[in-house]
A.B. asks: 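Sending over a structure as structure tokens; questions will come in a sec.
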Amino acid sequence: MPTMSGVKEMDFRKGDSSKISHFFQQAQHFGDLDLDEEHRLIDELRCFYDKISFKDFVDKFIECLKASLIHPEEVPSVEAILNFAAQFVAVINSSGVDDDETCPFLKEILEFVCANHGCDNHLVRSRICLFVDKLLCKLGNEVVIDEKLYNKLVESMLERMKDKMPGIRVKAISAVYRLQDPFDANCPVVKALSFHLSMDPSVEARRAILRKLAVAAHTLPTIVERIYDVKDFVRKDAFLVLSKCSMSRFTIKQRQMLLYSGLKDRDERVSKCVEKVLLPLWFDHAKNNFVTMLKFLDVETSTETSFLVLQILFKSTSTNTIMEQVKLNLDEDKLIPLDKLSPENAFFWRCAVHFFHNLDDEALEVDKDTMLQSVLPELTPLTNYIRTYFLRDSEDEKKLEFWEHKQRLFILLQLLQLCNVYDLSDELGRCQLKQLCTDLLLSPQVKKDAVPVIVDVFSRILPNIDHFLDSLVEIIMDLKEPFKEDENTDVSEEETDEEKKENNEIVKISPEVLAKCLTIIVEFLQNKNVTVFNPCLRSLVTTFVCPALEAQDTTSRVLALHALSNSCLLDVDLAKQYFLLFCFQVPNDDMCLVALKGIFDLLLFYGLGTFNMRDQIDDPEEKKKEDEPERKKRKLKGAMVEENSFVSNSGEANISSMDTTSDGSDQSANLVTLLMSLLDSSSTEIRNVTVEGLCKLIIGGRITSVNLLSKLMIMWFSPISEEDYMLRQQLGTFFNVYASSFAGSHYMFQQAFLPTLKTLYDAPMDSPLHEIDPDDVAKLLINLILVRMNKEKGPNPHNSLALAICKEILNTYGANLGNVPVLVRSLLPLQLSYDEPEFRENFEHLCRQVFELLEDANNKILAKYMQKVIYRIEAAEVKDGTQQSDIMNTELPSETTASNMNTAKDSPNASPDLFL
């Protein structure tokens, strides 16, 4: 890199013949002078510029500029001088120069900048970028720069954007952004800024680019990506930049994404920024009209986002204003005319009514019931209104386009949810609402997607669970009835068995009707009031749900397995009977997700002991010596058995082919081995469900596995999971909660220390695990051990870990160092207790053996580490028989400092929730 040679220290002497140094001397206080003094100083130097030759002035000016650039200290006077120099160059450029030519003085200064921007001294590089920034700012937009010189200046600043020091890159960004052409997608400055916005590791650099990059059609997607940045300040800046753009510049999908991601952001500062800045500006764009706002968001495809937006806007809007906008859509019957009914005004009506319903009476000037009565009709007119709207003639329904069907169904759900605010004291209205729900469930126009809302309304009409179940069973039977007429009456004597006939009926039901019936059952089972597995429900599961597992339609099979898993949560015997069925469905791609969720729910709810399995699932040492072929014979055979062979014609699990002779330890090990294999699945969804389930099993105390803990730790650091934010958040939260809240977790992390490092070292050369820094893994494990160790009394796990590390070094050291450097460096951050004489003697003996081994191998760097460890042992003291942990504040290399794990802020509930 070029250096600035022949430059003096910052020494401006008044006796210099050029007198330029006199002006630079005064310019050190340029920022403190008033405006008149600044102008006077510039004018005097300008007069001197006119008196002497151009070459002499340029040489003296640049020499004084050099002296300020190489000043060894970061002082305000340097920036003041650069500001003065930039101001003077701008004054010279603005006078006496043709509009089509570059000012000669400006040209010389820019040539000097381009020649020295790559100086070895980082202060010089930084100040040159700062000077260019100030100079371009003073010159303004009308400056004329020769094309060749312009390109040279751009190349210089783009080179500085690649500087190894983040602070210099930030200054280069501030300088170069004035040279971008926002209308040219191929502009090198725009391309460079866009690249660094996505890739620069410096937070300040990314923030600087967000503030400087011109917002255009070709840069907008890159800016939008920053709403997912790992740093909250960058995300907040991205939303602030995007809030300055009109809502019309974004697609509907982008609007939905921005609002959902912003309002749901885990950092409160980011979510508040969207709530207080972006959303009000967009609402202003919609002319403060709620229905218009919903049209901009396409409420049918973004129901959750739209609901969240309305709730926030309602809180900042007076109730009178909301009521006025609701009443604008209603007629004298307090109903929206059918010809004006739309997804937007139906959704707004429903959300406004629920908002009024949930308001606190004490905070209202008007009674809440009075408010609701002004925007809601009686229940009977509302049910008639819904029936008139949706249950029209089937011939008219067939003429509708697909999107019209979807729209009508969406509006129906909004109108039905209005019924949830009624107290149902009106007997006539309640009966009519029950009949409406029954007719809707029986209607072929209603698909399975609408069933959850209808069943929820139904549950409020019939709070008694037995009556509720009887009504739903009748509806399911009625839905099956049309298909009974099509049964083949020519049945052989072997098939006249009642259960086989029932199975035939299930198979003959159309996929749409079968899916609707199963959805009804699933929604019933998920009702919080369903706590008993009564005979009626058992019969329904046996005669309808289990046979549906053999349906040809994938959706129906998934729903049947979902219903079965919920049923198993109500009855332990049923869970034992069908548990293996869920295991056998894991290799089935279509059923894998719901099977996994069912397995995890059952294990969380009942524990492994219920299924004759042990929670200690790591193989004992003697088991590892067992022949591999014999061990493989006892593994679960789910991948080798066909799906339809697991359910008999009677709907019961067929487990006769399973090997049930192995003990609980083998079964649990085989099951967790199967589940752990899914951690490497190519499907992100399967991998995330497996990680979440296994983490909940560990946190819930259902399983204990060092191997699993080691595997999860490697996944946290793996580059494969770098873009999987959900997985990273789950693992980060798990490690944080497990390390801080569960007794004995520090011993588990201690046992996982060496196996984890060994896995990284033994990974093939082409494995992505080679990109993981083992020092980072070691530091994190040491920190996780420390979290719980400081809360509990008992043996120090760091002591045991220190002995294990020393023994591992002595056993593995050879021609290939392996993990030895990592292990040696890991000894320094350990917080050891030296009050036990036996430990102290053993540890000192092992450390000296390691030290001698390293000395013999002439490994001076690692031997120096061991010297520090031995020094700590020698410096430890025991006073008055009380345990003393003498942790010396020795100056350590930076790479040995234990770093804290960056975890998600949101912690899960202490008691794990179920999946289904």
A.B. asks: Quick one: closest heavy-atom pair of Lys448 and Lys516, and the distance?
C.D. replies: CB-CA, 4.1 Å

A.B. asks: Could Arg538 and Phe533 be counted as a cation-pi pair, given that NZ or CZ must be under 6.0 Å from the ring centre and within 45° of the axis?
C.D. replies: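 No cation-pi geometry.
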
A.B. asks: If only atom types and distance count, is the side chain of Ser565 paired as donor or acceptor with the main-chain N or O of His562 below 3.5 Å?
C.D. replies: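 Side chain of Ser565 to backbone of His562: a pair is present.
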
A.B. asks: Rounded to the nearest 0.5 Å, how far apart are OG1 of Thr531 and CG of Asn529?
C.D. replies: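 Taking OG1 in Thr531 and CG in Asn529, the distance rounds to 8.0 Å.
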
A.B. asks: Using modelled atom types only, decide if a donor and an acceptor are shared between the side chain of Asn588 and the backbone of Gln585 within a distance under 3.5 Å.
C.D. replies: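 Answer holds: no.
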
A.B. asks: Any heavy-atom pair between the side chains of Cys419 and Leu433 that's under 4.5 Å?
C.D. replies: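 Yes - at least one pair of side-chain heavy atoms lies under 4.5 Å apart.
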
A.B. asks: Within this structure, what is the CD-CG distance for the pair Glu692 and Leu697, rounded to the nearest 0.5 Å?
C.D. replies: 10.5 Å

A.B. asks: Is there side-chain contact between Leu570 and Val532, with at least one heavy-atom pair below 4.5 Å?
C.D. replies: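 Heavy-atom side-chain distance check fails, nothing below 4.5 Å.
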
A.B. asks: Check for a donor-acceptor pair, side chain of Ser459 on one end and backbone N or O of Asp456 on the other, with a separation under 3.5 Å.
C.D. replies: yes

A.B. asks: Is there a donor-acceptor contact under 3.5 Å linking the side chains of Gln435 and Asp439?
C.D. replies: yes

A.B. asks: Supply the atom-to-atom distance Thr305 OG1 to Leu259 CG, rounded to the nearest 0.5 angstrom.
C.D. replies: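 These two atoms lie 7.0 Å from each other.
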
A.B. asks: Is a donor on one side and an acceptor on the other found under 3.5 Å between the side chain of Tyr260 and the backbone of Leu308?
C.D. replies: no

A.B. asks: Side-chain contact test, heavy atoms from C-beta onward, threshold under 4.5 Å: evaluate it for Leu382 versus Tyr422 and give yes or no.
C.D. replies: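 A side-chain contact exists here, since the closest heavy-atom pair is under 4.5 Å.
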
A.B. asks: Aromatic rings Phe410 and Phe347: how do their planes relate, parallel, tilted or perpendicular, breaks at 30° and 60°?
C.D. replies: parallel

A.B. asks: Look at the rings of Tyr606 and Phe611 and say which category their plane angle falls in: under 30° parallel, 30 to 60° tilted, over 60° perpendicular.
C.D. replies: perpendicular

A.B. asks: Students often mix this up, so state it plainly: with edges at 30° and 60°, are the rings of Phe355 and Phe314 parallel, tilted or perpendicular?
C.D. replies: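 Tilted, since the angle between the ring planes falls between 30° and 60°.
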
A.B. asks: Could you check whether any side-chain N or O of Ser677 sits under 3.5 Å from a backbone N or O of Leu674, counting only pairs where one atom can act as donor and the other as acceptor?
C.D. replies: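 Between the backbone of Leu674 and the side chain of Ser677 there is a qualifying donor-acceptor contact (under 3.5 Å).
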
A.B. asks: If you round to the nearest 0.5 Å, how far is OG1 of Thr690 from CD of Glu685?
C.D. replies: 10.5 Å

A.B. asks: On a heavy-atom basis, which atom in Gln311 and which in Cys351 lie closest, and how many Å separate them?
C.D. replies: NE2-O, 4.1 Å

A.B. asks: Do Arg408 and Glu404 meet the salt-bridge criterion of a basic N to acidic O distance under 4.0 Å?
C.D. replies: no

